[in-house]
Number of protein chains: 2
Amino acid sequence: MSAHIDLLKKYKLTVTPQRLEIMSILVANGHISIDELYVALKVNFPSVSLATVYKNINLMLEKNFLFEVQIQNKKNVYELVKKEHSHVVCTECKEVLDIYLNTEKLFLEVTALSHFSLKTSSIVFNGICENCQKVQVS
Amino acid sequence: MSAHIDLLKKYKLTVTPQRLEIMSILVANGHISIDELYVALKVNFPSVSLATVYKNINLMLEKNFLFEVQIQNKKNVYELVKKEHSHVVCTECKEVLDIYLNTEKLFLEVTALSHFSLKTSSIVFNGICENCQKVQVS
DNA sequence: CTGACTGCAAACGTTTTGCACGGTA
DNA sequence: TACCGTGCAAAACGTTTGCAGTCAG
């Protein structure tokens with residue numbers, strides 16, 4: 001897809017087949033861990049190395065092309081940078097959901113309390129998703 | 001301090017000199033990384049091993065005696081479990097501040113949007129603290 | 001053609017493990 | 001005394017690095 005090519009160029013990243021595949025996998029999955037990405041990449045690039053995955057992830061993080069989400073009791077996951085948002089994680093099945101909150105008031109409150117000049121936030125809620133709630137009842 | 005002894009017992013942790021010292025360090029520092037804790041422990045226990053630090057931290061996390069705070073571009077820090085709260089981190093000097101927010105409305109909003117049964121939240125704000133703001137201006 | 005990316009293997013830092021010894025209850 | 005914790009050394013694990021060959025621009 002040429003949209004992927006344009007996006008890579010916009011972020012000053014050389015276009016390689018591996019990178020395009022990484023992008024497709026990210027778009028398809030939303031969030032993905034290093035391991036999962038490596039396994040998924042192997043489908044079409046059987047000889048890809050883990051070093052390549054790490055090098056790309058790190059480069060993409062530096063260029064602010066990717067965002068890293070840290071989750072309790074779970075490996076970090078990575079997603080394409082988009083509008084700032086929060087995450088909800090199921091402690092049972094580990095599913096990660098994007099959630100768009102209006103954090104304006106929260107930022108004001110924290111600024112007033114801390115006197116920090118705030119830049120970003122990392123907000124993760126932990127709970128049990130609808131599906132896993134049903135499983136527990138039955 | 002016997003309060004520390006009682007607290008360890010409450011969490012079903014055997015009382016040892018090393019653990020009491022870990023608690024004192026935690027109380028004195030608020031939040032601390034593994035390395036910092038190891039260095040601080042060595043002051044009074046020069047022969048303490050890093051393995052002991054890890055074993056204690058992991059045990060205390062399991063017993064919900066300690067809480068792990070994950071911070072972007074910084075090593076994890078650990079704190080004694082207390083009332084749920086959020087954190088503000090200075091991206092310059094890496095200072096970590098506790099902050100008590102009323103997150104009730106936020107929980108309701110997220111519940112409505114996600115249909116998760118929420119348990120906990122992990123909220124970290126990143127910005128520049130008062131001191132570092134002054135430094136930048138001058 | 002030049003610089004950047006890939007894949008491999010080795011190196012590195014962090015965390016975990018097994019074991020013998022010593023301390024706690 | 002029986003169990004648990006400590007310290008040491010080795011092992012395991014995840015991540016990074018250097019290099020030679022290849023690809024992108």
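Convention: sequence-line order gives letters A, B, ...; per-chain numbering from 1.
- Note: CZ (A/Phe45) to C1' (D/dC23) measures 13 Å, nearest angstrom.
- Under 3.5 Å, the side chain of B/Lys55 and the base of C/dG18 form at least one donor-acceptor pair of N or O atoms.
- Residue B/His115 holds its NE2 atom at 11.5 Å from CG of B/Leu118, rounded to the nearest 0.5 Å.
- Note on ring orientation: taking the six-membered ring where Trp is involved, the planes of B/Tyr11 and B/Phe65 are perpendicular (angle over 60°, cut-offs 30° and 60°).
- A tilted orientation is assigned to the rings of B/Tyr100 and B/His85, their planes being inclined by 30° to 60°.
- Phosphate proximity of C/dT24 to B/Thr14: absent, as no side-chain N or O sits under 4.0 Å from OP1 or OP2.
- For the pair A/Gln18 CD and D/dT22 P, the computed distance is 14 Å after rounding to whole Å.
- Distances were taken from every side-chain heavy atom of A/Val15 (C-beta onward) to each of C/dC5, C/dA9, D/dG25; the shortest belongs to D/dG25.
- In this structure, the NZ atom of B/Lys75 is 11 Å from the P atom of C/dG13, given to the nearest Å.
- Straight-line distance from the CG atom of B/Asn58 to the C1' atom of C/dT16: 9 Å, rounded to whole Å.
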Steps toward side-chain contact (heavy atoms from CB on, under 4.5 Å) verdict (B/Ile123, B/Leu106): CA-CA 11 Å; B/Ile123 301 180; B/Leu106 212 58; 4.2 Å; yes

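- Counting non-hydrogen atoms under 4.0 angstrom, B/Ser47 reaches the backbone sugars and phosphates but no base.
- Between the CG atom of B/Leu59 and the C1' atom of C/dT16 there is a distance of 14 Å, rounded to whole Å.
- Two residues are said to be in side-chain contact when any heavy atoms from C-beta on lie closer than 4.5 Å; A/Leu66 and A/Leu26 meet this criterion.
- The B/Thr52 side chain lies nearest to D/dT6 when the options are D/dT6, C/dC8, D/dT16.
- Between the CG atom of B/Leu13 and the P atom of D/dT6 there is a distance of 10 Å, rounded to whole Å.
- Nucleotide D/dG14 holds its C1' atom 14 Å from the CD1 atom of A/Ile57, rounded to whole Å.
- Contact annotation: B/Thr16 reaches the phosphate of D/dT6 (side-chain N/O to OP1 or OP2, under 4.0 Å).
- Contact annotation: B/Asn56 reaches the phosphate of D/dT6 (side-chain N/O to OP1 or OP2, under 4.0 Å).
- Distance A/Leu50 CG to C/dA11 C1': 15 Å, rounded to the nearest Å.
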